[in-house]
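Sequential numbering from 1 along the given sequence is applied to the chain's residues.
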Amino acid sequence: MRLVFVLCLMALCMSSAAMADPANLEPKDWSFVHGEPREIIPEQEPNDECPGQRLSCGDVIEPAFLDPGNLDWYQFEVAAAGTWVTIGVEGYQGSSWDAYLELYSDDCVTLLASDDDSGPGLFPLIVNYVAPYAGLYNVKVRGFGGSSSGAYRMYVNCTDPIPPPENDTCDTALPIDRCTTGSLNGDVTYATNDYSPPSGCTGYSANGKDVVYYVDLLAGDQVSLVYTQLLYDTSFYVVTDCVNMDCVAGADDTLTGEPEVINFVAASDGRYYIILDAYGTDTGGAWTLDYSIDCPTPPTEEACCFDDGTCQMLLANRCTEAGGEPMGEGTTCDTVNCEIVPANQTTWGQIKSDYR
């Protein structure tokens with residue numbers, strides 16, 4: 001659930017113009033393995049204008065230093081459109097300061113991506129940006145505020161994209177068997193953002209990375225689902241139509257790392273899609289889904305006796321509606337003896353006998 005608290009005290013609002021959100025000091029789930037760098041290159045001044053110092057994918061700039069109020073520009077080339085580009089800035093020899101990272105196109109004007117504090121501490125990180133073209137790109141390193149400065153190292157990695165999970169969309173959704181209980185786990189790090197719940201389904205949008213499962217249910221089936229991502233604010237929902245996005249049930253009620261829960265009873269026979277999503281734009285990681293699908297035992301036919309001594313195999317309610325008497329669960333016409341119920345006698349002798 002989005003717990004939105006607007007606490008803008010005068011001092012806090014004024015200070016926010018000069019520094020990053022103090023919450024950014026909290027530890028991040030951040031990791032980047034760049035392996036062996038292609039080359040380690042020290043920063044070369046002057047590089048305060050675009051295009052700046054040239055480097056290649058796989059290079060590490062080390063050491064580097066940003067002067068107060070200055071800008072550091074770098075340029076690199078991507079070989080093919082669709083390449084994933086990761087750019088990180090981190091402290092050098094224990095330095096800690098508030099850096100900001102921007103990625104521009106070859107014209108030095110068009111801003112393609114930016115980041116403030118996704119890296120360690122107050123350092124920025126742009127992860128798996130999909131390069132829209134083959135050619136030159138420009139990186140700008142600056143301080144969050146005009147006085148921010150310090151030593152740093154920067155790296156640029158270019159990798160082939162990792163394909164999304166098999167069940168990235170409803171068209172390739174994976175099945176969950178009806179009348180079963182179990183647990184699934186996976187990772188949506190490389191999934192795409194294909195869906196968001198319809199209005200009113202969870203109370204919020206969900207622009208995170210998502211995957212899809214489905215289950216074929218009969219009316220009356222009882223479904224219990226528990227979805228958890230430890231590092232992201234999860235959202236999930238159940239629909240029967242992934243195009244028109246009708247909502248059967250949805251949940252986005254808890255904080256990051258806490259489970260979301262859905263319980264519902266199938267209103268009709270059909271296929272139900274379970275979309276595992278996240279609230280934040282393009283967020284998502286490792287997840288677990290615990291499920292239980294309880295299928296009530298359908299009623300069975302039983303022996304139904306009629307007044308004329310005949311027997312038919314009918315559901316109990318249908319037997320009663322037809323004027324018969326249900327003999328009980330498990331009975332058959334071979335195991336019961338239906339007695340003939342005599343009709344009322346209407347002869348003159350019977351009438352006299354009845355009224356004496």
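Across every non-hydrogen atom of Ala219 and Ala267, the tightest pair is CB-O, 3.8 Å. Annotation for Ala81 and Pro132: closest pair CB-O, 3.8 Å, computed over non-hydrogen atoms. The two residues Leu122 and Trp97 come nearest to each other via the heavy atoms CB-O, 3.7 Å. Looking at every heavy atom in both residues, Leu66 comes nearest to Gly143 through CD2-N, 3.4 Å. In plain terms, the two heavy atoms of Tyr272 and Gly270 that are nearest each other are CD1-O, 3.3 Å. What you find for Thr169 and Asp194 is that their closest heavy atoms are CG2-OD2, 3.8 Å.
Annotation: cation-pi pair Arg153/Tyr92 absent, no NZ/CZ under 6.0 Å from the ring centroid and within 45° of its normal.
Residue Asp168 holds its CG atom at 6.5 Å from CG of Asp210, rounded to the nearest 0.5 Å. Atom CG of Asp116 sits about 5.0 Å away from atom CZ of Phe144, to the nearest 0.5 Å. Put simply, CD on Glu43 and OH on Tyr152 are 4.5 Å apart, with the number rounded to the nearest 0.5 Å. Once rounded to the nearest 0.5 Å, the distance linking OH of Tyr232 with CG of Leu230 reads 11.0 Å. Here the CD-SG distance, from Glu102 to Cys50, works out to 11.0 Å after rounding to the nearest 0.5 Å. A distance of 7.0 Å separates CE in Met245 from OG in Ser196, rounded to the nearest 0.5 Å.
Atom CD1 of Ile340 sits in a sparse spot, with 12 or fewer heavy atoms from other residues, nucleotides or ligands closer than 6.0 Å. For Glu49, the CD atom is loosely surrounded, since the number of other residues' heavy atoms within 6.0 Å does not exceed 12. For Glu339, the CD atom sits in a loose shell: 12 or fewer heavy atoms of surrounding residues, nucleotides or ligands are nearer than 6.0 Å.
With a 4.5 Å cut-off on side-chain heavy atoms, Tyr155 and Asp59 do not count as touching. Between Asn138 and Tyr74, every side-chain heavy-atom pair lies at or beyond the 4.5 Å cut-off. In this structure, the side chains of Glu45 and Asp72 come closer than 4.5 Å at one or more pairs of heavy atoms. Here the side chains of Ile87 and Leu103 are in contact, with some heavy-atom distance below 4.5 Å. At a threshold of 4.5 Å between non-hydrogen side-chain atoms, the residues Val215 and Val223 do not count as touching. In this structure, the side chains of Asn185 and Thr288 come closer than 4.5 Å at one or more pairs of heavy atoms. Looking at heavy atoms from C-beta onward, Tyr213 lies in side-chain contact with Leu276 at the 4.5 angstrom threshold. Using a 4.5 Å heavy-atom cutoff, the side chains of Thr159 and Thr86 are not in contact.
In the model, Thr320 has no side-chain atom that pairs as donor or acceptor with a side-chain atom of Asn317 under 3.5 Å. Judged by distance alone, the side chains of Asp67 and Ser149 never bring a donor and an acceptor atom under 3.5 Å apart. Judged by distance alone, the side chains of Ser148 and Asp98 never bring a donor and an acceptor atom under 3.5 Å apart. Side-chain atoms of Asp334 and Thr332 include no donor-acceptor pair closer than 3.5 Å. Side-chain polar atoms of Glu302 and Thr331 form no donor-acceptor pair below 3.5 angstrom. Between the side chains of Asp277 and Tyr237, at least one donor N or O lies within less than 3.5 Å of an accepting N or O.
Aromatic ring centroids of Trp73 and Tyr104 lie under 6.0 Å apart. Tyr227 has its ring centre less than 6.0 Å from the ring centre of Phe236.
In this structure a side-chain-to-backbone donor-acceptor pair under 3.5 Å is present from Glu260 to Asp253. Asp246 places a side-chain N or O within donor-acceptor distance of the main-chain N or O of Asp241, the cut-off being under 3.5 Å. Between the side chain of Asp106 and the backbone N or O of Leu136, no donor-acceptor pair lies under 3.5 Å. Put simply, the side chain of Lys209 never gets that close to the backbone of Gly284: no donor and acceptor are under 3.5 Å apart. Looking at Asp252, its side chain never comes within 3.5 Å of a backbone N or O of Thr202 through a donor-acceptor pair.
Both Val248 and Ile293 are members of a single hydrophobic cluster when ILVMFWY side chains are connected at heavy-atom separations under 4.5 Å. Follow the hydrophobic side-chain contacts under 4.5 Å out from Ile274 and you reach Tyr291 in the same cluster. Under the 4.5 Å side-chain contact rule for hydrophobic residues, Leu231 and Trp287 do not share a cluster.
Ring geometry, Tyr190 versus Trp84: the interplanar angle falls under 30°, so the pair is classed parallel (tilted spans 30 to 60°).
For the cysteine pair Cys311 and Cys338, the distance separating the two SG atoms is not below 2.5 Å.
The side chain to side chain contact (heavy atoms under 4.5 Å, CB included) with Ile126 is formed by just one residue from the set Asp115, Val156, Val85; it is Asp115.
With respect to the salt-bridge test (charged N to carboxylate O, under 4.0 angstrom), the residues Arg318 and Glu301 do not qualify. Ion pair Asp216/Arg178 not flagged as a salt bridge, since none of the NZ, NE, NH1 or NH2 atoms sits closer than 4.0 Å to an Asp/Glu carboxylate oxygen.
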*Full working for side-chain contact (heavy atoms from CB on, under 4.5 Å) between Glu77 and Tyr137*: CA-CA 6 Å; Glu77 185 171 3; Tyr137 291 80; over 6 Å; no

*Please lay out, stage by stage, how Arg38 and Val60 fare under the test side-chain contact (heavy atoms from CB on, under 4.5 Å).*
CA-CA 8 Å; Arg38 192 192 76 89; Val60 175; over 6 Å; no

